[in-house]
Amino acid sequence: MNETRIRMDAIGVATTDLSASLAFYRRLGLTFPEGAEQLPHVEAELAGGIRLMFDPVPGAGEHGRGRVALAFHCGDAAGVDAAYEELTGAGAHGEAKPWDAPWGQRYAVVLDPDGNQVDLFAPLS
């Protein structure tokens with residue numbers, strides 16, 4: 001792909017019931033902050049530093065969209081652009097071309113062959 005090392009960084013889950021999801025995963029040993037059920041975004045760090053992220057999304061999973069997204073850290077902004085070009089050049093559907101997101105990251109979105117969302121990101125320098 002490119003010379004920048006790309007690494008799996010996070011798995012995002014869209015949930016229609018954040019409280020139920022957090023209760024379920026707490027029973028499996030994950031730790032979330034007190035009051036997390038009221039937050040717009042919740043994360044737990046897994047072994048190896050990968051984050052499991054939950055976002056409340058009304059209607060998640062409807063209209064053929066997945067409920068799970070994978071996020072890959074691409075090293076730097078050029079790495080995001082290169083990964084996007086490599087994947088779309090090989091036939092992946094480009095859902096969102098690389099852009100400078102207001103939260104301080106270079107960001108792009110592609111879909112894997114099964115339609116799952118794959119986020120490509122890196123901090124803006």
Side-chain angles (χ1 to χ4, degrees):
M1 197 167 271
N2 63 52
E3 294 186 27
T4 304
R5 181 171 152 81
I6 297 174
R7 65 178 169 80
M8 169 68 119
D9 186 76
I11 301 166
V13 178
T15 177
T16 57
D17 188 339
L18 183 60
S19 294
S21 290
L22 297 183
F24 177 87
Y25 286 100
R26 280 183 174 122
R27 287 185 186 94
L28 290 171
L30 296 185
T31 303
F32 302 100
E34 194 67 33
E37 295 78 5
Q38 311 312 314
L39 299 174
H41 175 84
V42 181
E43 297 183 6
E45 189 168 322
L46 307 177
I50 293 177
R51 297 171 295 140
L52 181 59
M53 307 179 303
F54 294 88
D55 292 292
V57 178
E62 293 178 4
H63 310 296
R65 293 291 305 201
R67 296 181 109 163
V68 175
L70 305 176
F72 287 81
H73 192 300
C74 297
D76 58 21
V80 172
D81 294 355
Y84 181 87
E85 290 304 319
E86 171 72 20
L87 292 167
T88 57
H93 172 74
E95 188 74 1
K97 292 181 180 182
W99 83 95
D100 292 342
W103 54 86
Q105 294 177 331
R106 184 74 171 163
Y107 220 87
V109 180
V110 297
L111 301 182
D112 77 5
D114 292 307
N116 297 305
Q117 182 172 319
V118 177
D119 299 339
L120 308 171
F121 75 96
L124 291 170
S125 298

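With sequence neighbours left out, the ring pair (Phe, Tyr, Trp, His ring centres under 6.0 Å) criterion links Y107 to W99, W103. Annotation: salt bridge (Lys or Arg N to Asp or Glu O under 4.0 Å) contacts of D55 (sequence neighbours excluded): none. Partners of P98 according to the side chain to side chain contact (heavy atoms under 4.5 Å, CB included) rule, which considers only residues two or more places apart in sequence or in another chain, are V80, D81, Y84, R106, A108. Residues passing the salt bridge (Lys or Arg N to Asp or Glu O under 4.0 Å) test with R7, sequence neighbours excluded: D9. Take D119 and apply the salt bridge (Lys or Arg N to Asp or Glu O under 4.0 Å) test, not counting sequence neighbours, and it matches no residue.
We find the CG-CD distance between L70 and Q117 to be 9.0 Å, quoted to the nearest 0.5 Å. The OG atom of S21 sits 10.5 Å away from the CD atom of E37 when rounded to the nearest 0.5 Å. The CG atom of L111 sits 11.0 Å away from the CG atom of L87 when rounded to the nearest 0.5 Å. To the nearest 0.5 Å, atom CZ of residue R26 and atom OG1 of residue T31 are 8.5 Å apart. Rounded to the nearest 0.5 Å, atoms CE (M53) and CD (E45) are 12.5 Å apart.
Residues A122 and G75 approach most closely at CB-C, 3.8 Å, considering heavy atoms. In this structure, T16 and V57 approach most closely via the heavy-atom pair CG2-O, 3.6 Å. Between A83 and C74, the shortest heavy-atom contact is CB-SG, 4.1 Å.
Legend: ring-ring contact (aromatic ring centres under 6.0 Å, His included) pairs involving residues 7-52, not counting sequence neighbours, sorted by first then second residue: Y25-F54, F32-F54.
L30 has its side chain within reach of L46: a pair of non-hydrogen atoms, C-beta onward, lies under 4.5 Å apart.
A single hydrophobic cluster is not seen to contain both F72 and L124; linkage of ILVMFWY side chains at heavy-atom distances under 4.5 Å, directly or through other members, places them apart.
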